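Below is one structure, written out as structure tokens, with a few remarks after it.
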Amino acid sequence: MTLTGPSAGSRVRVCAVQDLEVERGRAALFGTLQIALFLLADGSVHAVSNLDPYSGANVMSRGIVGSRGETPTLASPMHKQIFDLRTGACIETQGREPASLRVWQVSVVDGHVEFDIEEIR
């Protein structure tokens, strides 16, 4: 999916929530920046970098959504490192050096996922 254009103020509407599938990722393209979006079963939407910091591939939107206790997680489809969807921190490095995913704050407004345009840059 691609950026659909600005909404009010510095907000950018990305997609409708109904465009997302529960616990399945979608990649949004902002120029050359790729952001992976995830709709969880509780209705929350999370946004992290689509770039896997371990493999260097833009594949995180294809990752496996899960949880560790109360923490929503994302497993890389490449080497199975586990990331906290809320903070981007890698909580299972599979023996590699710690790395993290960039995280963006999203809002759901009138059934649409929005970002602050300044956070995307």
Side-chain angles (χ1 to χ4, degrees):
M1 78 186 48
T2 57
L3 178 68
T4 58
S7 52
S10 66
R11 305 297 298 172
V12 175
R13 183 173 284 175
V14 180
C15 65
V17 173
Q18 70 184 22
D19 293 335
L20 303 175
E21 294 179 66
V22 174
E23 298 188 352
R24 302 265 183 200
R26 290 285 189 268
L29 182 62
F30 298 90
T32 60
L33 177 65
Q34 293 186 32
I35 298 176
L37 298 168
F38 297 91
L39 172 64
L40 302 186
D42 67 4
S44 64
V45 178
H46 296 269
V48 299
S49 175
N50 199 36
L51 183 66
D52 180 340
Y54 291 98
S55 72
N58 283 299
V59 295
M60 296 308 293
S61 63
R62 301 292 182 206
I64 300 167
V65 174
S67 63
R68 294 289 189 272
E70 296 294 316
T71 303
T73 60
L74 176 64
S76 168
M78 298 295 287
H79 302 295
K80 308 304 184 241
Q81 284 84 9
I82 308 289
F83 297 88
D84 182 331
L85 273 172
R86 299 170 303 181
T87 67
C90 186
I91 56 179
E92 287 186 26
T93 64
Q94 304 298 341
R96 300 186 72 190
E97 291 295 317
S100 61
L101 297 171
R102 184 171 173 192
V103 174
W104 287 268
Q105 298 302 311
V106 299
S107 299
V108 176
V109 179
D110 297 327
H112 290 88
V113 177
E114 295 184 354
F115 287 93
D116 183 323
I117 190 73
E118 296 305 315
E119 287 188 26
I120 296 171
R121 295 184 178 147

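Please read these numbers as outputs of a predicted model, since none were measured by experiment.
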_Please give me the minimum heavy-atom distance between G63 and P77, naming the atom from each residue._
CA-CD, 3.7 Å
*Grab the two heavy atoms, one from A27 and one from N50, that are nearest each other, plus how far apart they are.*
CB-ND2, 4.0 Å
*With side chains defined as the heavy atoms from C-beta onward, is the minimum distance between W104 and L33 less than 4.5 Å?*
yes
*Taking T73 for the side chain and G66 for the main chain, is one N or O donor matched with an acceptor at less than 3.5 Å?*
yes
*With the side chain counted from C-beta on, respond yes when L40 and H46 share a heavy-atom pair under 4.5 Å apart, and no when they do not.*
yes
*Rounded to the nearest 0.5 Å, what's the gap from CG on D116 to OG on S10? Could you check?*
4.0 Å
*Could I get the full list of side-chain hydrogen bond (donor to acceptor under 3.5 Å, both in side chains) partners for S67, not counting sequence neighbours?*
none
*Measure the OH-NE2 distance between Y54 and H79 for me, rounded to the nearest 0.5 Å.*
11.0 Å
*Taking atom CG of D42 as the centre, does the number of heavy atoms from other residues, nucleotides or ligands within less than 6.0 Å exceed 12?*
yes
*Does any non-hydrogen side-chain atom of L37 lie less than 4.5 Å from one of F115?*
yes
*Could you state the interatomic distance from CD (E23) to CG (L39), rounded to the nearest 0.5 Å?*
8.5 Å
*May I ask you to list the residues sharing a hydrophobic cluster with I64, side-chain cutoff 4.5 Å, ordered by chain and number?*
none
*Joint cluster assignment, V48 & M78, ILVMFWY side-chain distance < 4.5 Å*: no
_Donor-acceptor contact below 3.5 Å, side chain S107 vs main chain V109_ = no
*How many angstroms lie between CG in L51 and CZ in R102, if you round to the nearest 0.5 Å?*
12.0 Å
*asked:* To check you understand the geometry: which heavy-atom pair defines the closest contact between F83 and A99, and what is its length?
replied: CE2-O, 4.1 Å
*Just how far is it from atom OG of S100 to atom CD1 of I91, taken to the nearest 0.5 Å?*
12.5 Å
*Sequence neighbours left out, what passes salt bridge (charged side-chain N to carboxylate O under 4.0 Å, His left out) with E92? Give chain and number order.*
R68
*With hydrophobic residues grouped by side-chain heavy-atom distances under 4.5 Å, do F30 and L20 end up in a single group?*
yes
*Under a 4.5 Å cut-off applied to non-hydrogen side-chain atoms, are T71 and R86 in contact?*
yes
*Over all heavy atoms of both residues, which pair between M60 and F38 is shortest? Give the atoms and the distance, please.*
O-CZ, 3.3 Å
*Answer with yes or no whether the hydrophobic clustering places V59 together with V103; edges join I, L, V, M, F, W, Y residues whose side-chain heavy atoms lie under 4.5 Å apart.*
no
*Heavy-atom check, side chain of R13 versus side chain of H112, under 4.5 Å*: yes
